[in-house]
K.L.:
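My questions will all concern the structure given below.
A, B, ... follow the sequence lines: proteins, then strands. Residue 1 opens every chain.
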Protein chains: 2
Amino acid sequence: MKREIRNTIYSKVCDRLRGKIISGAYPPGRRLKMVDLVREFGISAMPIREALQQLQGEGLVTIDPHRGARVRQVDRHFVIMVHDLRTAIECMLGRKACMKITPNGIEAAEKIQRKYDRAVEERDAAKMVAANLRFHELIYDHAGNSLALQVLKTHSALIRGIRTRFGYTRGRPEQVCREHRRIIEALRRRDPRQLEKALWEHCQNAATDFINLFEENS
Amino acid sequence: MKREIRNTIYSKVCDRLRGKIISGAYPPGRRLKMVDLVREFGISAMPIREALQQLQGEGLVTIDPHRGARVRQVDRHFVIMVHDLRTAIECMLGRKACMKITPNGIEAAEKIQRKYDRAVEERDAAKMVAANLRFHELIYDHAGNSLALQVLKTHSALIRGIRTRFGYTRGRPEQVCREHRRIIEALRRRDPRQLEKALWEHCQNAATDFINLFEENS
DNA sequence: AAGTGGTCTAGACCACCTT
DNA sequence: AGGTGGTCTAGACCACTTA
């Protein structure tokens, strides 16, 4: 058997499963049976169990004892819960980041936003989602709260995966550009209140947009 | 060996380890070696690994591949991160709960608060922490966001365990009573803004108090 | 009452740190 | 190079669901 140096097998399985879940190859609600996974990966059951446990911790998978694992089911209520959680955390991180972010950081945010602009012109939804992710993470990185940032990432992954597949509703990308510019403006002025307001509305609009998209495609 | 019906072994191990970590029997930073745990529980390694993975997902334990597990290290920075995360989530949950909580729910909150009052009179820190937990959870249960509630619980457990052991600084319990009454008052008026403000200050004061306590005892 | 499929054990294996 | 200690495999085991 091929020997992998460095990493453990279960972390590789974890990465591959995570990728398949987020990409939609394993869609929400899909059963993840040991037998199938054992065959697919050509390894024994235990490292797969480890990986599933890990993914359960990340919120991507649910495990019922003695009954097996599934990709987390995504329904309207779950979507709302995630967005409300995200809104709360993003506003807090934004407020913290506002006073700490460097001029270089703000510059970098603008640069990413220009990438988003280009993605909108090219109507490339996947590229928009990627640029959007980097835009927000860049700002929140300056908040100095790696714990909250991790919670945010963890509980956004599934939603972001679906977003990549579904894209945006009509006119939403242009609206996102305006909202991002408002966020940058607030950062420039070092105005936490204005930033929090801009982020709050940005999150609310994202939620509304996503729910519409989700209902259409269900 | 005694056969346990219903639950799995790893979930039992998980519960016992969680209890030991929160109670301080296994203090922050303590190594959790497989060999020791295997002997302690009288079972093989795999279910223990499962339990540790689970606890890592709950934030109580950190695992380095090929290097083993430890009880999560708690330092000043971590304490601040947790409190900022809690503040963000609690304020959001409070706002949501405000419009949904039933008169019976508000009644129940008052009842729990009277238990807190009694605990203060008796100077029973453990009882205060327990009543405080129930007070907040009762309110947030009405927010209809089980996801955010779970994140909140998860990332409060370690801190709450330490709080149970350290108690409060002088005068803080009486202050908590006043702050809780303000929260109940806002619920009665169905005033989300006032409630959010009361919760925000309550969380901030709790953070300050805890950090002082933490520095004293370090 | 049988089948399915998750769970546990024992021991081999090997990555990482110390000598 | 040796030791420590986490990781993986194979197969038995048994909880839970079908009929």
Side-chain angles (χ1 to χ4, degrees), chain A residues 1-21 25-73, chain B residues 1-21 25-73:
Chain A
M1 182 191 316
K2 183 150 155 248
R3 269 281 132 231
E4 296 294 345
I5 313 173
R6 265 194 90 71
N7 278 313
T8 57
I9 291 184
Y10 72 81
S11 70
K12 282 179 187 299
V13 173
C14 198
D15 291 343
R16 283 195 58 189
L17 281 176
R18 192 189 295 110
K20 289 203 164 193
I21 291 169
Y26 291 156
R30 155 100 172 226
R31 270 201 81 179
L32 299 168
K33 288 205 270 189
M34 283 309 316
V35 192
D36 300 342
L37 296 172
V38 162
R39 256 219 305 266
E40 178 175 347
F41 290 103
I43 58 174
S44 68
M46 293 312 306
I48 294 172
R49 279 168 62 90
E50 302 269 322
L52 290 173
Q53 290 274 358
Q54 190 85 32
L55 293 172
Q56 184 185 37
E58 296 180 19
L60 296 178
V61 158
T62 53
I63 300 175
D64 293 286
H66 291 297
R67 303 201 45 208
R70 289 175 176 279
V71 178
R72 163 154 240 154
Q73 197 63 264
Chain B
M1 182 192 312
K2 180 148 157 249
R3 272 277 134 232
E4 296 294 345
I5 315 174
R6 266 190 86 71
N7 279 313
T8 58
I9 292 185
Y10 72 81
S11 71
K12 281 180 186 300
V13 173
C14 198
D15 290 344
R16 282 196 57 188
L17 281 176
R18 192 189 295 109
K20 288 203 166 192
I21 292 169
Y26 291 155
R30 155 100 173 226
R31 269 201 82 180
L32 300 167
K33 289 205 269 189
M34 284 309 318
V35 192
D36 299 344
L37 296 172
V38 163
R39 257 220 304 265
E40 178 174 347
F41 291 104
I43 58 173
S44 68
M46 293 313 307
I48 293 171
R49 279 169 60 90
E50 302 269 322
L52 290 173
Q53 289 275 359
Q54 189 87 31
L55 293 172
Q56 184 186 37
E58 296 179 19
L60 295 178
V61 157
T62 53
I63 300 176
D64 292 287
H66 291 297
R67 304 199 47 208
R70 289 176 177 279
V71 178
R72 162 154 241 154
Q73 197 62 264

K.L.:
Examine distances only and state if a side-chain atom of A:Arg70 and a backbone atom of A:Gly29 form a donor-acceptor pair shorter than 3.5 Å.
P.N.:
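Side chain of A:Arg70 to backbone of A:Gly29: a pair is present.
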K.L.:
At their closest point, which heavy atom of B:Ala69 faces which heavy atom of B:Val61, and how far apart are they?
P.N.:
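Closest heavy-atom pair between B:Ala69 and B:Val61: CB-CG1, 4.0 Å.
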K.L.:
Measure from the side-chain heavy atoms of A:Pro47 and tell me the nearest of C:dC8, D:dT9, D:dT7.
P.N.:
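The answer is D:dT9, which lies nearest to the side chain.
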K.L.:
Would you call B:Lys12-B:Asp15 a salt bridge at under 4.0 Å N-O?
P.N.:
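Salt bridge flag = no for B:Asp15 with B:Lys12.
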K.L.:
How far apart are the closest heavy atoms of A:Ile9 and A:Pro47, and which atoms are they?
P.N.:
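Between these two residues, the closest heavy atoms are CG2-CB, 4.1 Å.
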K.L.:
Quick check: closest heavy atoms across A:Phe41 and A:Ile48, and the distance to 0.1 Å?
P.N.:
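Answer, listing the atom of A:Phe41 first, then A:Ile48: CD1-CD1, 4.5 Å.
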K.L.:
Output the rounded distance in Å from CD1 (B:Ile43) to C1' (D:dC13).
P.N.:
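That distance rounds to 15 Å.
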K.L.:
Considering the terminal five base pairs at each end of the helix from C:dA1-D:dT18 to C:dT18-D:dA1, what angle separates the two local helix axes, rounded to 10°?
P.N.:
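Nearest ten degrees gives 10° for this helix.
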K.L.:
Taking only the side-chain nitrogens and oxygens of A:Arg49, find out if one of them lies under 4.0 Å from OP1 or OP2 of C:dT7.
P.N.:
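Looking at the OP1 and OP2 atoms of C:dT7, one of them is under 4.0 Å from a side-chain N or O of A:Arg49.
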K.L.:
Rounded to whole angstroms, how far apart are NZ on B:Lys33 and P on D:dG3?
P.N.:
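Atom-to-atom, B:Lys33 to D:dG3, this comes out as 16 Å.
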K.L.:
Could you work out which one of D:dT7, D:dC8, C:dT7 sits closest to the side chain of B:Met46?
P.N.:
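Comparing D:dT7, D:dC8, C:dT7 against the side chain of B:Met46, the answer is D:dC8.
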K.L.:
Looking at the side chain of A:Met34, which of C:dT9, D:dT7, C:dG6 is the nearest nucleotide?
P.N.:
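Output: C:dG6.
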K.L.:
Rounded to whole Å, please give me the gap between CG in A:Leu32 and C1' in C:dT4.
P.N.:
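Atom CG in A:Leu32 sits about 17 Å away from atom C1' in C:dT4.
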K.L.:
What nucleotide, of C:dC16, D:dC8, D:dC16, holds the atom closest to the side chain of A:Arg67?
P.N.:
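Of C:dC16, D:dC8, D:dC16, D:dC16 is nearest to the side chain of A:Arg67.
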K.L.:
Roughly, in whole Å, what's the span from NE2 in A:His66 to C1' in C:dG3?
P.N.:
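Answer to the nearest Å: 16 Å.
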K.L.:
Considering only D:dC8, C:dT7, C:dG6, which nucleotide approaches the side chain of A:Thr8 most closely?
P.N.:
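That would be D:dC8.
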K.L.:
Nearest nucleotide by nearest heavy atom, which residue falls closer to the 5' end of DNA chain D, A:Ser11 or A:Pro65?
P.N.:
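Its nearest nucleotide being more 5', the pick is A:Ser11.
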K.L.:
A:Ile63 and A:Gln56: which non-hydrogen atoms are nearest, and at how many Å?
P.N.:
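Here A:Ile63 and A:Gln56 meet closest at N-NE2, 3.5 Å.
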K.L.:
Quick one: is C:dG6 close enough that its OP1 or OP2 comes under 4.0 Å of any side-chain N or O from A:Arg31?
P.N.:
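Checking C:dG6 against A:Arg31, a side-chain N or O does come within under 4.0 Å of OP1 or OP2.
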K.L.:
Could you check how far CG of A:Asp64 sits from C1' of C:dG5, rounded to whole Å?
P.N.:
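Answer to the nearest Å: 13 Å.
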K.L.:
If you take all heavy atoms of B:Ala51 and B:Val13, which pair is closest and at what distance?
P.N.:
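Heavy-atom minimum between the residues: CB-CG1, 3.7 Å.
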K.L.:
If the cut-off is 4.0 Å, is B:Tyr10 near the phosphate of C:dT7, judged by side-chain N/O to OP1 or OP2?
P.N.:
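For B:Tyr10, the contact criterion (side-chain N or O under 4.0 Å from OP1 or OP2 of C:dT7) is met.
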K.L.:
Let me know the distance between CD1 of B:Ile48 and C1' of C:dA10, rounded to the nearest Å.
P.N.:
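Answer to the nearest Å: 14 Å.
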K.L.:
From D:dT9, C:dG6, C:dC8, pick the nucleotide closest to the side chain of A:Ser44?
P.N.:
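The answer is D:dT9.
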